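Structure, as structure tokens:
Because the structure is a prediction, the values reported are computed rather than measured. Residue numbers start from 1 in every chain, and the chains themselves are labelled A, B, ... in the order their sequence lines are given, proteins ahead of strands.
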Amino acid sequence: MGEKRYDPRRIEPKWQEIWAHEHTWEVSNDPIGEGGGELPKSYVLEMLPYPSGEPHIGHLKNYALGDAIAHFHRRTGHRVLHPMGYDAFGLPAENNAIKTGVPPREAAEQSIAAFQRAFRAWGISIDWSREFATHQPSYYRWTQWIFLKLLERGLAYRQEAAVNWCPNDQTVLANEQVIDGRCERCGHLVEIRQLEQWFFRITDYADRLLDDLDSIEWPEHVKAMQRNWIGRSEGAEVSFRCEELGIDYPVFTTRPDTLFGATFFVMAPEHPDVFKLAAGTENEQAVHEYVNRSMAESPEERGDAEKPKTGVPLGRTVTNPVNGEQIPMYVADYVLMEYGTGAIMAVPAHDERDYAFARAFDLPIRRVIGTEEDELPYTGDGPLTNSGPEFDGMHNREAYEAIVDWLDREGNGHRSVNFRLRDWLLSRQRYWGCPIPVVYCDRCGLVPVPEEDLPIELPEIEDYQPRGRSPLAAAEAWVATRCPRCGGDGRRETDTMDTFVDSSWYFLRYCDARNDEQAWDRRALASWMPADQYIGGVEHAILHLMYARFFVKALADMELVDVQEPFKALFTQGMILGSDGSKMSKSAGNVVSPTPIVERFGADAARCYVLFVGPPDQDAAWSDTGVEGVHRFLSRLWRLGDELAGEPGPAEQPHDPSGDGLTLVRKANWAIEKVTGDMRGRFAFNTAIAATMELVNELYRHPAADAAARRFATATAASLVFPFAPHLGAEVYELLSGARVWEEPWPEADPEMLQADTFELVCQVNGRVRDRVSAPTGAAREELERLCRETRGVRAHLDGQDVVKVIVVPDKLVNLVVR
RNA sequence: GCGGCGGUGGUGGAACGGUAGACACGAUGCCCUCAAAAGGCAUUGUCCCUAGGGGACGUGUGGGUUCGAAUCCCACUCGCCGCACCA
């Protein structure tokens, strides 16, 4: 033993070559043609990588996870689709181009090559026949086609709006890409600009995006984040009339029960009527100054809830519809134009912000809910007061309904629902993205490019520097075109699409990736969608995962797809942190690159380690000694295989094992049961790997067991470890049986071998373990009680006391309750 | 503030309401070796006891349910994540 050593550098390329050469992981869309008509489908999908530089350790974990699931599904009788692609468009490649001069296409393609090398070196079981990258015209042709479909349906539109502008990246951003008032990409403070931009009408789907969360198996925290982001609130819209100008101003409120407490009225600085209202009043000048000052403030400064309330009176009043009171109007920046109607009724007694404003401006505060004991501002429940004879004394929950009904009858308001979600701003003033297939014609206006003219290819340019408009605008020859409608002079849209558009439908394309006639064939889609298991990081909980759901729903409404949700189940993996426990970053100098690890310990050890460190949805720190430990385990398994190889023969369970052989056969069956349970439904790969470690340890503990039992136990370990360490699993399994482990069905435990003849009976007195004794499996309750009472430890603790109760858990324990 | 998740040895982590700490790392000792590497074996929650054995205490804190609680319930506390002047 021991002259030969486990050498992943020899084993791993050997199997990778076989899988590549035989196209092992390719799968047909036609189950009948493959003779697999009876097999259920399984679509296992990891989030496609963004090709920037080299793959990092997080990618290894992501794809090791997905691969384990894919292998398990294949061997448990599924046709498995496990594809791969690259999300190649996007800002980083372009910013890199500006810095280094390397064209984004070149950088992206270099990076894609690095990912391809990595996936092969890691032994990920990918169906390469479906591979694509989103920057290829054969892909984005269909991204453009989907855009046209959405445009046709009114779900894509162009509009001027106050939008987030990143002065560093020189482009607009979606709300979802602004984090704490800063650009998600570069961290620069975001400004607000009034610009005409392209939007997708995702708000039309707010209710469905919310409701359908109940139909998918996603982690609770991700659903919660989406619910939060959609931010549905129920309430009422109530009209307040400005008599002097004869205009009704609706407000949205979630508290119509507090209407009698409204003592003033506030508008957002961006509200289009602010100047009109102030015109001619003594406040006109002050209003202009205030509005200009607020507009100049960054969203971050403005959004600070802690800062003192500011505002200016508009010099006008509105009528509170419930009591006819004239209440003063203000403009104040704590009211947001983007939410509700951009105007609010202020109820200082029952809203903290209104309270703060009223105190600062010395405005009346009138309690309408609760008693003296409830300190103001009071946001809790209670009986109404100061709300007229009709409502006084009524509990506020009831009053809510009663007041809304009354408003409705009088024509002053109605029930209403508001969402926090806003439309998806998709245009970017940047080069490296999918061109928007639209032409502007002086005569016809905005004209969609006809489908047959797609793709509108992204031209090659030399200067990527953004100058407030897309660098594409400088490509004169490309911009100048014919109007598809009238044939006259036209100009192409020079904005490109947000990268998230590309990744909102790629999972559909995998189903029919080589189709040149259409984006997909519906039958191909029907044979795979939805993805049964989606795997990726939580950082996409809102952006990508919401957009993709929106796309699928919109496409379903156009009868282009047959599912309502793209991802039936979602698994969010935890991050691999640096060995110091903090996030890996170049500046912290704690980045672990997978390449040297794989070269040194093998892909199998690296893959097993990231799955073994802990539950895969949790963050885990990288540990060099941890990988060495896993490598040690794989070596031990390999040595068993090497030692037992001899000539290939059966590796099946021997018929009548006895002694140490029986122990091994039992342990092997126990491991089968344990690993299968850990993988089915849950993702307890850490404990699954631990169980195969136990099996291997057991083999080392019983070196004298008969060879048949050892062969069986070793082959079983190889078979069970295959989803995590495919090369080693295949190697050892072949050494012992001559067969290919991935062609073998997943092992099933022999029920007879799952139970021993005896077990260790736990003997408790008052719930505390006092002794243990060997007892026959299946023994009667009385028998177990007797055995328990006879043990030394129990007798010592019984000590003549009365046994008042006996609890027997068959095949497990006896608990004697004494007084 | 709202929403979600979590607190177990020196470390990462195991535990259908039923033996807390599987498995692994680290540490210690031994074997193999001229030596080393590699490998193998053993010990390893804390404390206490006249110690081949036995006892007490132990899953953030306090209470509760139960024959029995890391697990279920209540309150608190600490930490992480998301959202946040959203009316």
>> Could you go through Arg789(A) and Glu785(A), starting from their C-alpha distance and side-chain angles, then the distance that decides it, and tell me whether this counts as salt bridge (Lys or Arg N to Asp or Glu O under 4.0 Å)?
In response: CA-CA 6 Å; Arg789(A) 281 175 183 272; Glu785(A) 184 185 338; 3.0 Å; yes

> Touch check for Asn686(A), heavy atoms < 4.0 angstrom, all strands: base, sugar-phosphate only, or nothing?
Replying inline: sugar-phosphate

>> Between Arg710(A) and Glu643(A), is the salt bridge (Lys or Arg N to Asp or Glu O under 4.0 Å) condition met? List the steps.
In response: CA-CA 10 Å; Arg710(A) 301 187 74 212; Glu643(A) 181 201 330; 3.1 Å; yes

>> G39(B), OP1 or OP2 - any side-chain N/O from Ser635(A) closer than 4.0 Å?
In response: no

> Which whole number of Å gives the distance between the P atom of C57(B) and that of A20(B)?
Replying inline: 13 Å

>> Before we go on, tell me: are the rings of Phe361(A) and Phe264(A) under 6.0 Å apart, centre to centre?
In response: no

>> With a 3.5 Å distance limit and no angle check, can you tell me whether Asp802(A) reaches the backbone of Val804(A) through a side-chain donor-acceptor pair?
In response: no

> Should Arg397(A) and Asp381(A) count as an ion pair when the cut-off is N to O under 4.0 Å?
Replying inline: yes

>> Between G4(B) and A75(B), how far apart are the two P atoms, rounded to whole Å?
In response: 14 Å

> Within less than 4.0 Å of OP1 or OP2 of A37(B), is there a side-chain N or O belonging to Arg5(A)?
Replying inline: no

>> Between C16(B) and U11(B), how far apart are the two P atoms, rounded to whole Å?
In response: 23 Å

> Quantified in whole Å, what is the C1' atom distance between nucleotide U66(B) and nucleotide G17(B)?
Replying inline: 9 Å

> Taking atom P of A38(B) as reference, at what distance in whole Å does atom CH2 of Trp638(A) sit?
Replying inline: 17 Å

> Considering residues at least two apart in sequence or located in another chain, which fulfil the salt bridge (charged side-chain N to carboxylate O under 4.0 Å, His left out) criterion with Lys307(A)?
Replying inline: Glu297(A), Asp333(A)

> Rounded to the Å, how far apart are Asp811(A) CG and U19(B) P?
Replying inline: 14 Å

> Does Leu60(A) reach the side chain of Arg607(A), with side-chain heavy atoms less than 4.5 Å apart?
Replying inline: yes

> Taking atom P of G1(B) as reference, at what distance in whole Å does atom OH of Tyr378(A) sit?
Replying inline: 18 Å

> Are Asn697(A) and Arg636(A) linked by a side-chain donor-acceptor pair shorter than 3.5 Å?
Replying inline: yes

>> By the 4.0 Å heavy-atom rule, please label Pro219(A) as base, sugar-phosphate, or nothing.
In response: nothing

>> From C-beta outward on Pro615(A), which listed nucleotide comes closest to its side chain: G13(B), C41(B), C85(B)?
In response: G13(B)

> Just by protein heavy atoms under 4.0 Å, how would nucleotides 23-31 of chain B read 5' to 3' in B, S and -?
Replying inline: BSSS-----

> When the C1' atoms of G12(B) and C2(B) are considered, how many whole Å apart are they?
Replying inline: 33 Å

> How far apart are the C-alpha atoms of Asp354(A) and Lys309(A), what are their side-chain angles, what is the distance that settles it, and do they pass the salt bridge (Lys or Arg N to Asp or Glu O under 4.0 Å) test?
Replying inline: CA-CA 9 Å; Asp354(A) 297 344; Lys309(A) 295 279 176 285; over 6 Å; no

>> If I take atom OH in residue Tyr700(A) and atom C1' in nucleotide G40(B), what distance separates them, rounded to the nearest angstrom?
In response: 9 Å

> On RNA chain B, nearest-nucleotide positions of Val222(A) versus Val613(A): which is more 5'?
Replying inline: Val222(A)

>> Without decimals, in angstroms, what is the distance between Glu297(A) CD and C85(B) P?
In response: 13 Å

> Looking only at atom C1', what distance separates A56(B) and C5(B), rounded to whole Å?
Replying inline: 35 Å

> Starting at CZ of Phe759(A) and ending at P of U19(B), how long is that distance when rounded to a whole Å?
Replying inline: 13 Å

> So, Tyr330(A) versus Phe357(A), ring centres under 6.0 angstrom or not?
Replying inline: yes

> Across the strands shown, which category fits Val762(A) at heavy-atom distances under 4.0 angstrom: base, sugar-phosphate, nothing?
Replying inline: base

> Starting at the 5' end of RNA chain B and moving along, which residue's nearest nucleotide shows up first, Ala343(A) or Ala684(A)?
Replying inline: Ala684(A)

> Just by protein heavy atoms under 4.0 Å, how would nucleotides 64-83 of chain B read 5' to 3' in B, S and -?
Replying inline: ---B--------------BS

>> Taking syn as a glycosidic torsion within 90° of 0 and anything else as anti, which one is G9(B)?
In response: syn

>> With rounding to the nearest 0.5 angstrom, report the CG to OG1 distance, Leu209(A) to Thr203(A).
In response: 10.0 Å

>> Just to be sure I understand the rule, does Glu760(A) reach a base, reach only the sugar-phosphate, or reach nothing, if contact means heavy atoms closer than 4.0 Å?
In response: base

>> Going by the rule salt bridge (charged side-chain N to carboxylate O under 4.0 Å, His left out), which residues pair with Arg366(A) if we only count those two or more places apart in sequence or in a different chain?
In response: Glu325(A)

>> Regarding Lys223(A), tell me which of base, sugar-phosphate or nothing describes its non-hydrogen contacts under 4.0 Å with the strands shown.
In response: nothing

> Can you check the Arg232(A) CZ to A87(B) P distance for me, whole Å?
Replying inline: 13 Å

> Which of these nucleotides, G4(B), U19(B), A14(B), is closest to any side-chain atom of Thr687(A)?
Replying inline: A14(B)

>> Considering every strand and a 4.0 Å limit on heavy-atom distances, what is the contact class for His631(A): base, sugar-phosphate, or nothing?
In response: nothing

> Rounding to the closest angstrom, what is the interatomic distance between A14(B) and C85(B) at atom C1'?
Replying inline: 46 Å

> Among C85(B), A87(B), G4(B), which is the nearest nucleotide to the side chain of Lys307(A)?
Replying inline: C85(B)

>> So does Pro269(A) get a backbone contact from the side chain of Tyr290(A), meaning a donor-acceptor N/O pair under 3.5 Å?
In response: no

>> Between C1' on G39(B) and CG on Leu634(A), what's the gap in Å once rounded to a whole number?
In response: 16 Å

>> Show me, range against range, the stems involving RNA chain B, built from at least 3 consecutive Watson-Crick or G-U pairs below 3.5 Å.
In response: B:1-7 with B:77-83, B:10-12 with B:23-25, B:26-31 with B:39-44, B:45-49 with B:53-57, B:60-64 with B:72-76

> Taking OP1 and OP2 of C57(B), is either one under 4.0 Å from a side-chain nitrogen or oxygen of Arg768(A)?
Replying inline: yes

>> If the condition is side chain to side chain contact (heavy atoms under 4.5 Å, CB included), which residues does Ala684(A) pass it with, not counting sequence neighbours?
In response: Asp678(A), Arg682(A), Asn686(A), Thr687(A)

> Roughly how far apart, to the nearest Å, are G13(B) and A84(B) at atom C1'?
Replying inline: 35 Å

